[in-house]
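Notes follow the structure.
In listed order, ligands and their atoms are each counted from 1.
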Amino acid sequence: MKQHIIPIFIPYSGCPHRCIFCNQNKIAGENIYFNTETIRKTIDNRLSLSSVSYWLSAIGSRQVAFYGGSFTAIPLERQESLLSSVLPYLNNRVIDSIRLSTRPDSITVENLALLKRYKVKTVELGVQSMDNSVLSVSERGHSAAEVRSSCKLLKSHGFEVGIQIMPGLPGDTFESSLYTADEVIKLKPDFVRIYPAVVIKNTGLADLYLSGSFKPLSLGDAVRLAKNLLVRFEVNNIPVIRIGLQPTSSLLEKDVILDGPFHPAFRQLVESAIAYEMMRYAIYRSQKLKHGSFFIPSIELSNFIGQKREVIKKIESEFDIKVDVKPDSRLKPGEFDFDNSLKKIHIKRKEVLKEFLSSTAANYAITGNRNF
Ligand code: SF4
């Protein structure tokens, strides 16, 4: 279901310390102290931009989201004051529910009762890694066990749970990122966000990077890793609702990102990497050919072409063939046709992803090589 979200950034509110990678003022692009007054202004401004009647007629759920801090680590009275600012909108049914992000080590039964009273529906946990050594070097201050217990508690109280992970932190490897994904899958979250670690100025990570003790993932490696993570989640029916940091204006300022796999269209790079696997899958299942046409749902066309026609060029050079990629409005997202004039085959994304996952697992079992 589509979600219409009014974000309210509460940078570092409740955070017991600064995690090594975090610079909320640059990530969120906001630095405002929020109180009842400013929260209402933010909601009213957003509603006036889209008009209340449009907002009400929009299909899907309408949420106010508290992002950028550790909501449940804020003193309870202040949490209640923030939540009560949204109450009039909840009572008037302009807003359906609230979502918030927080730390896994600050979820208590008492706190969850408060969140329930104020119609909080969704809680996003900043998990980052399920590898305790990575959590420790990144100065998260919590363990993987706390992720498991908080997730269980949230689910048993009926909250929708989102999990954010950050591959590429110090000490993380391809292997430990896949382990993180597998452990997260066991927790059955309702959705996941993947933010490959980038080096942002004025962070502990920037200090490590400048001293030469940390090297971030390259863009190519991060896309490859994110592809493997996305495949795992999707095969297990867990939606990945975001990959890569939002390109806010403050993040795009000069010298804010010192290094790392940042790209304003990171998700598209990952989707193109998956489209490439799907095209290979179709070609391998066809007879020898010199030319072939892919028919793609219009909405996914750019993924199959790739930036600067990169995907098409790679396929043509790998198989020594000519390919066309054409839109077909009859096809649903997640499926496509391949026609080489002799035979037309219909392919579903899910079957390719399952095959990709089992073949990479088999490759690892034989060669020990995760380099796919
Ligand atoms: S808990 Fe979250 S918001 Fe707070 S410093 Fe760490 S990463 Fe940033």
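For ligand 1, the atoms closer than 4.0 angstrom to any heavy atom of R103 are 1 (S). Atom numbering of ligand 1 starts at 1 in the shown order; those under 4.0 Å from a heavy atom of F21 are 7 (S). Which parts of ligand 1 touch S70 is read off a 4.0 Å heavy-atom cut-off, strictly below it: atoms 1 (S), 4 (Fe).
Counting heavy atoms under 4.0 Å from ligand 1, residue H17 touches it through the backbone alone. Of all the heavy atoms of C19, the ones lying under 4.0 Å from any atom of ligand 1 are found in both the backbone and the side chain.
Salt bridge annotation for D259-K215: absent, with no cationic side-chain nitrogen under 4.0 angstrom from a carboxylate oxygen. Between E277 and R280, at least one side-chain N (NZ, or NE/NH1/NH2) sits under 4.0 Å from a carboxylate O, which counts as a salt bridge. We find that R232 and D182 are joined by a salt bridge, their nearest charged nitrogen and carboxylate oxygen being less than 4.0 Å apart. With respect to the salt-bridge test (charged N to carboxylate O, under 4.0 angstrom), the residues E271 and R349 qualify.
Nearest protein heavy-atom contact of atom 4 (Fe) of ligand 1 is C15 SG, 2.3 Å. Considering only non-hydrogen protein atoms, atom 2 (Fe) of ligand 1 sits nearest to R140 NH1, 4.0 Å.
Contact annotation: C22 places no N, O or S atom under 2.8 Å from atom 4 (Fe) of ligand 1.
N303 approaches V311 most closely through the heavy-atom pair O-CG2, 3.7 Å. Closest of all the heavy-atom pairs between V198 and L205 is O-CD2, 3.7 Å.
Under a 4.0 Å heavy-atom criterion, G68 is in contact with ligand 1. Residue contacts with ligand 1: Q128 is excluded, as none of its non-hydrogen atoms falls under 4.0 Å. Not a single heavy atom of G126 sits closer than 4.0 Å to an atom of ligand 1.
The local environment of NZ in K322 is sparse, with at most 12 non-hydrogen atoms from other residues, nucleotides or ligands closer than 6.0 Å.
Donor-acceptor pairing under 3.5 Å is lacking for the side chains of Q246 and Y195.
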